[in-house]
Asker: 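Mind having a look at this structure? Questions to follow.
Note that the structure is a prediction, hence the values are computed from the model and not measured.
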Amino acid sequence: MFTEKCCSAGLIPLVILVLLQLLQGSCHARNQNFCPNYSSSCGIIKNISYPFRLKGDPESCGDKRYELICENNVTELYMNYRKYHVQAINYKNYTIRVVDVGVEYINVCSSIYNFNFSYSDSVRGPLYDLYEYFSEDYYETYLTRNIVFFNCTNPVIDDSLYVTMDTNASCNLDYSKEKGKQHGHIYATITYGLNIGDLKVGCYVKTVGLTSWGLSKSNVVITKNKKTNVVDIRRALVYGFELSWLNAQGICDNYCGNWTGPKLCSLSNNSSLKVICIRKQNY
């Protein structure tokens with residue numbers, strides 16, 4: 001009888017130890033790529049850590065889906081067969097800011113012809129979103145606005161929405177070089193969206209890009225009360241646009257633990273930006 005009690009008592013610590021190891025293993029499996037004591041740097045991006053990683057980092061660090069490349073001391077992101085310069089990574093609000101490699105500040109018109117703008121449908125997907133979600137009330141805010149470039153057969157002189165890009169006639173010159181195209185006038189605007197009535201007769205949308213300039217507290221807010229000019233267009237282009245990774249596949253799960261079913265990761269509506277898990281079927 002004594003021996004049986006002794007052995008049973010001896011098994012209790014062992015069982016507890018096994019359970020703790022299993023629990024630790026489960027947590028580690030869910031967060032196995034965090035590598036809290038490891039980060040990389042490249043150029044102006046000094047702290048590259050989970051979910052991001054640099055190519056060549058230890059295999060166990062970061063999420064391979066978010067692998068960045070350091071080229072000529074510049075951090076690059078390849079997304080949907082396009083290359084972007086990484087301008088900033090904000091781990092507090094889970095956003096990365098990028099700019100297309102074809103952007104030129106001095107010659108905006110050259111930028112139009114040197115690259116294909118990243119319209120919203122080309123950057124949204126399982127890894128990134130163009131929205132942030134705040135508080136338990138589940139409201140979304142746009143991270144970007146559109147930079148729309150128009151080509152018009154005739155000059156537009158009666159609409160402040162159309163910002164002329166013809167200051168040095170370079171846009172017209174570049175456009176006239178396009179094979180099979182007639183000479184036109186290039187205009188641009190920054191907007192959340194266009195209405196049918198915004199498109200003038202003889203004008204068509206040449207290309208559409210994204211920008212987060214004017215939406216951050218650190219930048220001048222562009223509103224309808226302030227007339228946009230060509231300098232604003234340049235600043236918006238080179239500033240780039242932000243993408244959120246918080247609700248990407250597998251990322252939100254790290255914060256919601258064992259929740260099952262559709263879920264959404266939101267940020268608290270205060271300076272702490274605490275992650276809040278929300279069951280999507282409630283909305």
Side-chain angles (χ1 to χ4, degrees), residues 79-85 87 97-124 130 141-243:
M79 180 171 53
N80 295 331
Y81 306 103
R82 294 291 304 169
K83 184 166 73 171
Y84 301 86
H85 295 314
Q87 303 297 297
R97 179 162 57 89
V98 299
V99 63
D100 194 288
V101 295
V103 167
E104 295 181 26
Y105 178 82
I106 301 299
N107 191 347
V108 176
C109 300
S110 177
S111 297
I112 302 172
Y113 299 91
N114 286 344
F115 74 106
N116 295 317
F117 277 100
S118 303
Y119 193 54
S120 58
D121 289 341
S122 67
V123 296
R124 296 188 69 179
L130 294 172
T141 59
Y142 290 97
L143 287 171
T144 63
R145 292 196 292 177
N146 300 315
I147 309 176
V148 184
F149 286 86
F150 306 92
N151 184 278
C152 300
T153 304
N154 302 311
V156 177
I157 58 177
D158 59 346
D159 195 331
S160 60
L161 179 71
Y162 286 69
V163 178
T164 181
M165 306 302 294
D166 300 341
T167 51
N168 295 317
S170 59
C171 281
N172 287 342
L173 179 62
D174 287 339
Y175 184 72
S176 65
K177 293 178 180 178
E178 288 189 283
K179 186 176 181 180
K181 296 287 186 178
Q182 295 180 351
H183 183 80
H185 300 269
I186 302 296
Y187 299 90
T189 192
I190 303 174
T191 179
Y192 282 113
L194 292 174
N195 299 315
I196 293 297
D198 293 330
L199 196 60
K200 298 294 184 182
V201 175
C203 298
Y204 71 90
V205 175
K206 177 167 181 58
T207 190
V208 181
L210 297 173
T211 184
S212 297
W213 184 78
L215 299 179
S216 169
K217 293 181 180 180
S218 62
N219 295 297
V220 177
V221 176
I222 304 172
T223 67
K224 292 183 178 179
N225 297 325
K226 178 183 179 298
K227 185 177 179 180
T228 305
N229 55 46
V230 67
V231 175
D232 294 331
I233 301 297
R234 286 174 176 159
R235 288 174 176 170
L237 279 172
V238 299
Y239 185 79
F241 57 93
E242 295 178 358
L243 297 166

Asker: Rounded to the nearest 0.5 Å, what's the gap from OH on Tyr192 to OH on Tyr142? Could you check?
Answerer: 8.5 Å
Asker: Which atoms form the tightest heavy-atom contact between Leu143 and Leu243, and what is the distance?
Answerer: CD1-C, 4.1 Å
Asker: Can you name the closest pair of heavy atoms from Phe149 and Ile186 and give their distance?
Answerer: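 For Phe149 versus Ile186, the nearest heavy atoms are CD2-CG2, 4.3 Å.
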Asker: At what distance, to the nearest 0.5 angstrom, does CG of Leu161 lie from CD1 of Ile190?
Answerer: 10.5 Å
Asker: Tell me, do Thr189 and Thr228 make a side-chain contact under 4.5 Å, heavy atoms counted?
Answerer: no
Asker: Mark yes or no for whether Tyr187, through its side chain, and Val156, through its backbone, hold a donor-acceptor pair below 3.5 Å.
Answerer: yes
Asker: Return the CZ to CZ distance between Arg145 and Phe241, rounded to the nearest 0.5 Å.
Answerer: 15.5 Å
Asker: Identify the two heavy atoms, one from Val238 and one from Val99, that lie closest to each other, and give their separation to 0.1 Å.
Answerer: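 Nearest heavy atoms, Val238 then Val99: O-CG2, 3.9 Å.
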Asker: For Val148, is there any backbone N or O sitting under 3.5 Å from a side-chain donor or acceptor partner on Asn146?
Answerer: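 The answer is no, because no donor-acceptor pair under 3.5 Å joins these two groups.
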Asker: Could you tell me whether a side-chain N or O of Asp100 sits under 3.5 Å from a main-chain N or O of Tyr84, the two making a donor and an acceptor?
Answerer: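 A pair under 3.5 Å: no.
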Asker: For Tyr204 and Leu199, what are the C-alpha separation, side-chain angles and deciding distance, and is it a side chain to side chain contact (heavy atoms under 4.5 Å, CB included)?
Answerer: CA-CA 7 Å; Tyr204 71 90; Leu199 196 60; 5.5 Å; no
Asker: Going from CD on Gln87 to CD on Glu242, what distance comes out if it is rounded to the nearest 0.5 angstrom?
Answerer: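 The CD atom of Glu242 is 11.0 Å from CD of Gln87, to the nearest 0.5 Å.
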Asker: Keeping Asn195 on the side-chain end and Asp198 on the backbone end, is there a donor-acceptor pair under 3.5 Å?
Answerer: no
Asker: Roughly how far apart are Thr211 OG1 and Asp232 CG, rounded to 0.5 Å?
Answerer: 10.5 Å
Asker: Which heavy-atom pair separates Tyr162 from Cys203 by the least distance, and what is that distance?
Answerer: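 Taking every non-hydrogen atom into account, CE2-SG, 4.2 Å.
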Asker: For the CG atom of Asn154 and the NZ atom of Lys200, what is their distance to the nearest 0.5 Å?
Answerer: 12.5 Å
